[in-house]
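Excluded from the calculations below are hydrogen atoms, water molecules and symmetry mates; all remaining heavy atoms, backbone and side chain alike, are included. Throughout, protein chains are lettered first and strands after them, A, B, ... in sequence-line order, and every chain is numbered starting at 1.
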Amino acid sequence: RKEVEQDPGPFNVPEGATVAFNCTYSNSASQSFFWYRQDCRKEPKLLMSVYSSGNEDGRFTAQLNRASQYISLLIRDSKLSDSATYLCAVNMANFNKFYFGSGTKLNVKP
Amino acid sequence: DGGITQSPKYLFRKEGQNVTLSCEQNLNHDAMYWYRQDPGQGLRLIYYSQIVNDFQKGDIAEGYSVSREKKESFPLTVTSAQKNPTAFYLCASSLAGREEQFFGPGTRLTVL
């Protein structure tokens, strides 16, 4: 079983839609969680951290479900510019080693 | 401007040659990382370094080597022992004690 798993998609949604992705992780001792955005042929860029209490930044909301071992990313009012691949990253306690998911591709259509 | 730089952006190599990819950061980060990304796959950790003059193997270290002689620099050598080196190579760094990693723009290596 992979350490971190994501639905590869693609998720094809119209502008203005709300879309949500999940990312499951295998190690219950994982302590830190992040969402990254990666545009085609570019480097990943940090989108947001995922805290136990959840995290909201504008149209983006990230949540953690420790009992079911997954994190989620919700995007409201989707824009064309949101089209990208979204990677989740999970690391172990007290250790700067990350595991990345393979990414979920989002296509926002006019 | 603070950030992470990688060079070259594109690199072509003949089979049997060693090549070295550069990674430099001026963020004063202690930890640095090398990842490999293949099409449709996530990032796989090659090597990482928490401090100068120390580094550890990641999940796919075979055929690669690194050095960390300076805090700012973490070069990766792709040796001829790496069986399938064509990939997108990403360098990242993070503050010791913090966990967000920040990435350089990457190097696309193609073996001819």
Side-chain angles (χ1 to χ4, degrees), chain A residues 1-10 21-27 29-52 55 57 62 64 71 73 84-106, chain B residues 2-7 9-10 21 23 25 27 29-51 54-61 68 74 86-110:
Chain A
R1 182 183 175 187
K2 289 184 179 179
E3 296 282 347
V4 179
E5 295 199 70
Q6 295 182 253
D7 181 344
F21 315 131
N22 285 343
C23 166
T24 59
Y25 60 95
S26 62
N27 195 314
S30 296
Q31 291 292 319
S32 300
F33 310 88
F34 304 90
W35 284 102
Y36 285 80
R37 171 195 169 122
Q38 186 174 26
D39 293 294
C40 188
R41 300 180 69 81
K42 299 287 189 181
E43 76 273 24
K45 295 192 175 177
L46 182 66
L47 182 63
M48 58 198 311
S49 304
V50 187
Y51 306 123
S52 296
N55 189 17
D57 183 5
L64 167 64
I71 61 173
L73 178 67
T85 297
Y86 292 84
L87 305 174
C88 60
V90 177
N91 84 336
M92 299 294 293
N94 301 321
F95 199 54
N96 278 358
K97 180 178 178 179
F98 278 66
Y99 289 100
F100 284 81
S102 299
T104 297
K105 187 170 177 60
L106 172 65
Chain B
I4 306 172
T5 57
Q6 291 186 242
S7 62
K9 186 172 181 180
Y10 298 97
L21 282 56
C23 178
Q25 55 96 2
L27 300 169
H29 285 175
D30 284 308
M32 296 186 74
Y33 311 81
W34 274 106
Y35 294 91
R36 167 183 174 141
Q37 188 175 36
D38 294 282
Q41 296 193 32
L43 280 64
R44 292 186 289 167
L45 183 63
I46 304 172
Y47 269 98
Y48 60 103
S49 169
Q50 307 278 14
I51 197 169
D54 188 45
F55 49 83
Q56 289 80 40
K57 292 182 179 180
D59 299 317
I60 55 164
R68 186 87 187 275
F74 191 40
T86 294
F88 187 36
Y89 289 88
L90 289 157
C91 178
S93 70
S94 66
L95 280 170
R98 294 208 44 196
E99 295 137 338
E100 293 93 343
Q101 294 189 1
F102 298 92
F103 287 85
T107 292
R108 291 197 178 273
L109 172 64
T110 301

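- Using a 4.5 Å cut-off between heavy atoms, Phe88(B) contacts chain A through its side chain alone, with no backbone atom that close.
- Heavy atoms closer than 4.5 Å to chain A are found nowhere in Gln56(B), neither backbone nor side chain.
- Proximity to chain B (any heavy atom under 4.5 Å) is shown, for Pro44(A), by both the backbone and the side chain.
- Proximity to chain B is limited to the side chain of Gln38(A), based on heavy atoms less than 4.5 angstrom apart.
- Top candidate by heavy-atom pairs under 4.5 Å with chain B, chosen from Arg41(A), Lys42(A), Lys105(A), Lys45(A), is Arg41(A).
- Looking at Leu43(B), the atoms closer than 4.5 Å to chain A (heavy atoms on both sides) sit in the backbone and in the side chain alike.
- Between Phe100(A) and Tyr35(B), a ring centre-to-centre spacing shorter than 6.0 Å is recorded.
- Only the side chain of Arg108(B) comes within less than 4.5 Å of a heavy atom of chain A; its backbone N, CA, C and O stay farther away.
- Between Gln6(B) and Glu43(A) the shortest side-chain heavy-atom distance does not fall below 4.5 Å.
- For the pair Tyr36(A) and Glu100(B), the tightest heavy-atom approach, listed with the atom from each and the gap, is OH-C, 4.2 Å.
- At least one side-chain heavy atom of Phe102(B) sits under 4.5 Å from a side-chain heavy atom of Leu46(A).
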